[in-house]
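Worksheet: one structure, shown below.
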Amino acid sequence: MNYWLMKSEPDSFSIDALAAAPGRTTGWDGVRNFQARNFLRDGMQQGDLAFFYHSSCAVPGIAGIVKVVRTGYPDPTAFDAAHHHYDADSDSSNPRWYMVDVKLVKKLKRIITLDELRSHASGKLKNMILLKRGNRLSITPVTKTEWDFIASLE
DNA sequence: GCCAACGTTGGC
DNA sequence: GCCAACGTTGGC
């Protein structure tokens with residue numbers, strides 16, 4: 001059982017969009033970064049939990065909790081020339097990009113903001129990848145200690 | 001293998 | 001819209 005943080009821009013896909021999706025489940029497609037791809041393909045296990053993080057928006061922060069309900073499989077949007085996330089270097093016989101399916105566990109009662117997380121950056125969240133300078137990774141592992149602490153903030 | 005150029009991320 | 005930080009590409 002592992003813990004993760006997954007970023008999404010709410011203008012493209014928000015926690016409310018997930019709540020409204022069929023089965024409250026979505027395919028986490030479109031990741032085009034090798035390190036994040038490796039987490040999707042090799043790291044995530046059935047039943048893992050992840051924070052759903054809103055990025056590039058007015059109030060960046062953690063908006064909810066999701067669960068991995070399908071482990072890594074090839075991202076078909078990479079094969080579709082008409083798709084925004086098309087990648088000519090990926091093909092179905094040798095896929096480059098992977099995705100998982102996640103299901104909403106719960107929407108938090110409030111956003112746990114980036115500011116609030118930062119206020120613990122010299123304490124409990126000292127090693128949190130999200131808070132490291134210049135971090136841009138859209139999928140990052142979270143330790144159990146970090147997870148439990150953040151969950152207790154709600 | 002180096003590194004400059006470029007595109008992207010994401011907070012502000 | 002700005003810009004710092006970063007990942008990727010491609011020339012050499």
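Only a predicted model underlies this, so the values are computations on that prediction, with no experimental measurement involved. Protein chains get the first letters and strands the later ones, always in sequence-line order, with residue 1 at the start of each.
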Check ring pair (Phe, Tyr, Trp, His ring centres under 6.0 Å) between A:Phe39 and all other residues, then give those that pass, not counting sequence neighbours.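 A:Phe39 satisfies ring pair (Phe, Tyr, Trp, His ring centres under 6.0 Å) with A:Trp4 once adjacent residues are dropped.
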List in chain and number order the residues that pass ring pair (Phe, Tyr, Trp, His ring centres under 6.0 Å) with A:Phe34, two or more places apart in sequence or in another chain; answer none if no residue qualifies.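 A:Phe34: ring pair (Phe, Tyr, Trp, His ring centres under 6.0 Å) contacts with A:Trp97.
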Check every nucleotide of DNA chain B for an atom under 4.0 Å from a heavy-atom of chain A, then give the first and the last such nucleotide from 5' to 3'.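 For DNA chain B, the relevant span reads B:dG7 to B:dC12.
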Near DNA chain B, under 4.0 Å by heavy atom, which residues of residues 2-15 of chain A? A:Lys7
Looking across every strand, which nucleic acid part, if any, lies under 4.0 Å from A:Arg133 by heavy atom: base, sugar-phosphate, or nothing?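 Since only primed, P, OP1 and OP2 atoms lie under 4.0 Å of A:Arg133, the category is sugar-phosphate.
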Using a heavy-atom cut-off of 4.0 Å across all strands, would you classify A:Ser55 as base, sugar-phosphate, or nothing? sugar-phosphate
Show the atom names and distances, to 0.1 Å, of all donor-acceptor pairs under 3.5 Å that link a side chain in residues 63-77 of chain A to residues at least two apart or in another chain.
from	atom 1	to	atom 2	distance (Å)
A:Tyr73	OH	A:Asp101	OD1	2.5
A:Asp75	OD1	A:Thr77	N	2.9
A:Asp75	OD1	A:Thr77	OG1	2.6
A:Asp75	OD2	A:Gly30	N	2.8
A:Asp75	OD2	A:Arg32	NH1	2.9
A:Asp75	OD2	A:Arg32	NH2	3.4
A:Asp75	OD2	A:Thr77	OG1	3.3
A:Thr77	OG1	A:Arg32	NH2	3.0

Find out whether the Lys NZ or Arg CZ of A:Arg41 is both under 6.0 angstrom from the six-membered ring centre of A:Tyr98 and within 45° of the ring's axis. yes
Common cluster, A:Phe51/A:Leu104, ILVMFWY with side-chain heavy-atom separation under 4.5 Å: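 Not linked; separate clusters.
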Would you name the heavy atoms of A:Leu137 and A:Ala36 that are closest together and state the gap between them? CD2-N, 3.8 Å
Restricting to side chain to side chain contact (heavy atoms under 4.5 Å, CB included), what partner residues turn up for A:Thr143, sequence neighbours left out?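 By the side chain to side chain contact (heavy atoms under 4.5 Å, CB included) rule, A:Thr143 matches A:Thr145, A:Glu146.
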Under a 4.0 Å threshold between the charged nitrogen and the carboxylate oxygen, would A:Lys107 count as salt-bridged to A:Asp16?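 Judged by the 4.0 Å cut-off on N to carboxylate O distance, A:Asp16 and A:Lys107 do form a salt bridge.
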